[in-house]
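Below is one structure; the comments refer to it alone.
Computed from a predicted structure; not experimentally measured. Throughout, residue positions are numbered sequentially from 1 according to the sequence presented. Remember, it's 1-based here, ligands and their atoms both numbered in the order they're listed.
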Amino acid sequence: MMHRRRFLAASVATAAMFARVPHARSTTFDLVIKGGRVVDPSVSLDAVRDIAISGGRITAVEANIAGDAAETIDATGKIVTAGLIDIHTHAGRSKEGPPMLLQDGVTGWVDAGSGGADNIDQVAAVARGAPQIGRALVNIARSGVTADGELKDLNAANVDLARGAVLRNRDVVVGVKARLSNNVAGANDLEALRRAQEVAAPLGMPVMIHIGQSYSPLRAILPLLKRGDIVTHMYAPAPNGILDDQGRLLPDVTEARRRGVLFDFGNGVLDHFSWDSLERATRQGFWPDTFSTDWNTQSRTTGVVDFPNVMSKFLLLEMPLMQVIACATVNAARVFPAFDNRGTLNVGAPADVAILELREGMFEFLDNYKGTRSGRQRLFPVASVLAGKRTPARA
Ligand SMILES: [Zn+2]
C-alpha cells in the first residue's frame with residue numbers, strides 16, 4: 001500500500017514536470033460562466049464562450065473550458081458582457097443606491113453632481129462604501145443639485161471651494177459637473193462653465209455639462225469644452241439643443257465631436273430626451289459615445305427602469321448589439337481613467353461581468369414627454385458577477 005502511494009506520488013510529480021499541454025494541468029477556477037453568448041466589443045468578440053475566473057480576475061475566455069470550478073453559472077441562451085458602467089447617475093445620494101444598481105448589472109457608476117463643495121463628502125462616503133467601483137463629479141455649485149436651480153446665484157459657483165472639495169476627495173472625485181439649463185443657471189450658464197473648467201482643467205479632469213433649454217446657444221457653450229469633456233442629455237429638445245430650427249444637426253456639434261468632446265445619452269425623466277430629437281439626430285448619423293440613465297433610487301417606476309432598459313431603446317433604433325454593449329461598457333470605461341481595464345472581459349481584467357437576457361416580445365419604451373415606442377426586444381438583467389463573485393439580480 002505504502003509502495004503504491006509512493007509510486008503514484010512520484011508519477012504525478014513526473015507528469016507535472018513534463019506537462020506542456022494546457023489540458024494536462026488540473027486547474028481549479030473560482031467560477032466558470034458556461035455557454036453564454038459573450039459580447040465583448042473591447043476585443044470585437046461575439047461568440048459562445050466560457051469565462052473562467054480566479055482571484056477576482058478573468059483567467060480565460062475560450063470555447064469549452066475544462067477544469068474544475070468551485071462554482072459554475074450556466075449562461076446558456078444568455079448574453080454575457082463586461083459589467084455595465086453608468087457614467088451619469090445619482091447613486092451617491094444614499095447607501096441604498098449602489099446595491100440596487102448592482103442588481104441591474106451595473107458594476108461601475110459615476111454620480112454626476114449630486115453634491116457640491118458643501119455636501120460632496122457624503123457622496124464620497126457612499127462611493128467608498130459601495131460594493132462596486134463608484135466615483136463622483138463635484139457640482140460647480142457648492143450646494144450640489146437643487147430643485148430651484150443651484151446656479152441661479154452665480155456666487156454658488158465658487159472655484160476655491162470646489163477645488164478644495166476635489167482635493168480632499170481625490171480618491172473618488174473624477175471631474176466637475178455643471179447643469180446649464182435655463183431653470184438651473186439662467187443667464188449664468190457660460191460663466192458657470194468657465195468656473196467649472198478653472199477647477200477641472202489644471203487637475204487634468206473632465207467637465208460634464210448637462211445641456212438642453214439653456215439661456216445661451218450651444219454655439220457659445222461648446223467652444224468652452226476641451227477634449228475628453230462630456231455633454232450629457234445630448235438629445236435634449238429645443239431651445240438650444242443639438243438641432244437647428246429645421247431639425248438639422250448643428251455643425252458646431254459635429255465639430256465638437258471631431259475635436260474629442262464626448263456625447264452621452266443621459267435618459268433622465270424631465271426635458272432630457274424626446275423620441276423626435278433622438279430619431280432626427282440618429283437619422284443624421286449622430287449616435288451616443290456612451291449611454292447613461294441619470295438614475296436614482298426612484299428610477300424603476302419611471303421611463304428609466306434600469307440600465308438594460310435604456311440600452312434597449314437603441315436596439316429599437318437598430319443600433320447593432322455590439323455597439324449597444326460598447327456604449328455601456330468599454331466606451332464608458334474610457335471616459336474616466338478610474339475605470340482603466342474595466343468594461344472588458346480581456347484576460348487579466350477585474351472579473352466584473354453582467355449576465356443579461358435578450359427577450360423577444362412587445363415592449364414599450366418611454367421618452368421624457370410620455371412619448372412611447374414599441375420594440376420587439378428588451379435586455380433584462382439576470383445576474384452580476386463582481387470581482388469574481390456572483391450577485392443575484394432582483395427578483
Ligand atoms: Zn443628472
For Phe380, what residues pass the ring-ring contact (aromatic ring centres under 6.0 Å, His included) criterion, not counting sequence neighbours?
-> Phe363
Considering all heavy atoms, the nearest Arg93-Asn296 contact = NH1-CB, 4.2 Å
Total protein N, O or S atoms, the Zn ion (ligand 1), separation less than 2.8 Å = 3
Among Asp252, Asp245, Asp244, which one satisfies salt bridge (Lys or Arg N to Asp or Glu O under 4.0 Å) with Arg248?
-> Asp244
Can you tell me if CG on Asn64 sees more than 12 non-hydrogen neighbours from other groups inside 6.0 Å?
-> no
Salt bridge (charged side-chain N to carboxylate O under 4.0 Å, His left out): pairs with one or both residues in residues 228-239, sequence neighbours excluded | Lys226-Asp229
Here the side-chain hydrogen bond (donor to acceptor under 3.5 Å, both in side chains) pairs for residues 360-369, sequence neighbours left out, are Asp271-Tyr369, Glu360-Gln377
